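Note sheet for the following structure.
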Amino acid sequence: VGLASLVDHFGWSVAVATTALLLATLYSVLARSLIRDGASPLIALVVATIAVGIASIHFLVRPHLFTFVFVLWFLDTCRRQHEEGGWHVVILPPLMVLWANLHGGFLAGPIIVATALIGHALSGPWDTERRRNVTRFAVVLGLCVLAPLVNPYGVGLYQHVGKLLVSSGVTELIDEYQPMPFGQAKARVFEWVVLAMIALPTLGSRRLSRYDLA
């Protein structure tokens with residue numbers, strides 16, 4: 001509705017400019033968060049640039065841009081929960097309601113929380129504080145699975161997504177779901193990512209934590 005209103009009142013040029021500003025802000029936040037977490041500016045620049053390359057084929061004025069924002073938001077919130085404890089993750093279930101009503105990429109939300117839960121559980125001694133934090137992650141994970149039910153279709157949304165991904169046959173027509181064609185030009189950025197995942201840790205000044213590995 002917001003995008004339609006923007007186009008109706010100001011035209012597609014403003015919608016494109018707004019999208020460009022959103023993307024610039026998104027990858028700026030990504031680079032700054034990497035530096036804040038201890039990465040050198042050079043590594044942050046390389047990672048952010050590669051991230052731009054991965055996503056660039058989807059730099060279109062469409063609702064999936066919100067998924068870009070929510071993915072980074074979830075990753076950053078889970079990291080703060082891991083590092084600081086408390087209840088940072090309590091904001092995620094309400095965000096899931098909004099995300100599920102904007103774009104099908106909302107399925108990434110519970111996956112991010114589940115991965116953070118596992119990473120945090122493996123990150124150190126199983127003391128009282130870690131158990132509490134794992135419990136908080138687990139509670140929020142359950143709520144993140146339930147929150148998307150607040151939509152016009154209820155549980156039908158999950159049924160639709162499950163059918164779409166498993167039995168509809170549509171996935172055979174979508175490039176993103178096909179095996180990666182290594183050696184071809186369109187796989188080049190992905191190959192860079194694979195190489196970077198191997199090379200970048202050797203350039204860093206700190207050892208990767210179990211949470212980071214997860």
Side-chain angles (χ1 to χ4, degrees), residues 3 12 15-16 19-20 22-27 29-31 33-34 43-76 78-79 92 95-96 98-119 141 144-145 147-149 151-153 155-202 208 211-214:
L3 178 59
W12 276 106
V16 171
T19 298
L22 171 68
L23 291 168
T25 301
L26 177 71
Y27 292 103
V29 170
L30 171 62
S33 67
L34 290 169
I43 289 179
L45 174 63
V46 172
V47 171
T49 302
I50 292 176
V52 170
I54 295 171
S56 61
I57 62 171
H58 291 299
F59 285 176
L60 308 170
V61 186
R62 292 174 55 192
H64 66 254
L65 294 175
F66 292 109
T67 284
F68 289 15
V69 174
F70 281 118
V71 164
L72 184 58
W73 198 340
F74 270 57
L75 287 169
D76 186 65
C78 286
R79 174 172 290 280
L92 300 183
L95 291 178
M96 282 297 303
L98 181 61
W99 193 356
N101 285 278
L102 285 171
H103 186 248
F106 73 93
L107 292 177
I111 293 173
I112 291 171
V113 177
T115 306
L117 185 159
I118 294 170
L141 173 60
C144 283
V145 172
L149 296 177
N151 72 83
Y153 307 99
V155 71
L157 178 62
Y158 274 123
Q159 294 171 339
H160 167 72
V161 172
K163 180 180 178 181
L164 178 69
L165 295 177
V166 177
S167 61
S168 66
V170 173
T171 54
E172 298 175 1
L173 307 175
I174 301 175
D175 283 345
E176 289 86 348
Y177 292 127
Q178 307 313 308
M180 185 57 60
F182 288 105
Q184 297 184 22
K186 62 181 179 179
R188 199 72 67 225
V189 172
F190 186 80
E191 292 169 350
W192 294 345
V193 171
V194 173
L195 292 174
M197 289 180 69
I198 299 170
L200 285 174
T202 68
L208 282 176
Y211 183 87
D212 290 325
L213 289 171

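Nothing fancy with the numbering, it's 1 onward along the sequence. Note: hydrogens, waters and symmetry copies are ignored here, and every other heavy atom, side chains too, is used. Bear in mind that the values here come from a model prediction, so they are computed numbers and not experimental data.
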Are the side chain of Gln178 and the backbone N or O of Thr171 linked by a donor-acceptor pair below 3.5 Å?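 Flag set: sc Gln178 to bb Thr171 pair under 3.5 Å.
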Please step through side chain to side chain contact (heavy atoms under 4.5 Å, CB included) for the pair Tyr158 and Leu107, ending with a clear verdict. CA-CA 9 Å; Tyr158 274 123; Leu107 292 177; 4.0 Å; yes
Donor-acceptor list for residues 183-190 side chains, cut-off 3.5 Å, not counting sequence neighbours:
from, atom 1, to, atom 2, distance (Å)
Arg188, NH1, Glu191, OE1, 3.0

Once you round to the nearest 0.5 Å, how far does [atom1] of [X] lie from [atom2] of [Y]?
X      : Y      : atom1 : atom2 : answer
Tyr27  : Leu30  : OH    : CG    : 8.0 Å
Ser168 : Leu173 : OG    : CG    : 8.5 Å
Leu141 : Thr115 : CG    : OG1   : 9.5 Å
Arg79  : Ile112 : CZ    : CD1   : 12.5 Å

Heavy atoms only: give me the nearest [X]-[Y] pair and the separation to one decimal.
X      : Y      : answer
Pro148 : Leu157 : O-CD2, 3.9 Å
Ala116 : Cys78  : CB-CB, 3.6 Å
Leu3   : Ala15  : CD1-CB, 4.2 Å
Ile50  : Ala196 : CD1-CB, 3.6 Å
Cys144 : Phe74  : SG-CE2, 4.4 Å
Tyr211 : Gly119 : CD1-C, 3.8 Å

Which pairs would a plain distance check flag for residues 54-72, meaning a side-chain donor or acceptor within less than 3.5 Å of a matching protein atom at least two apart in sequence or in another chain?
from, atom 1, to, atom 2, distance (Å)
Ser56, OG, Gly53, O, 3.0
His58, NE2, Glu176, OE2, 2.9
His64, NE2, His58, O, 2.6
Thr67, OG1, Trp99, NE1, 2.9
Thr67, OG1, His103, ND1, 2.8

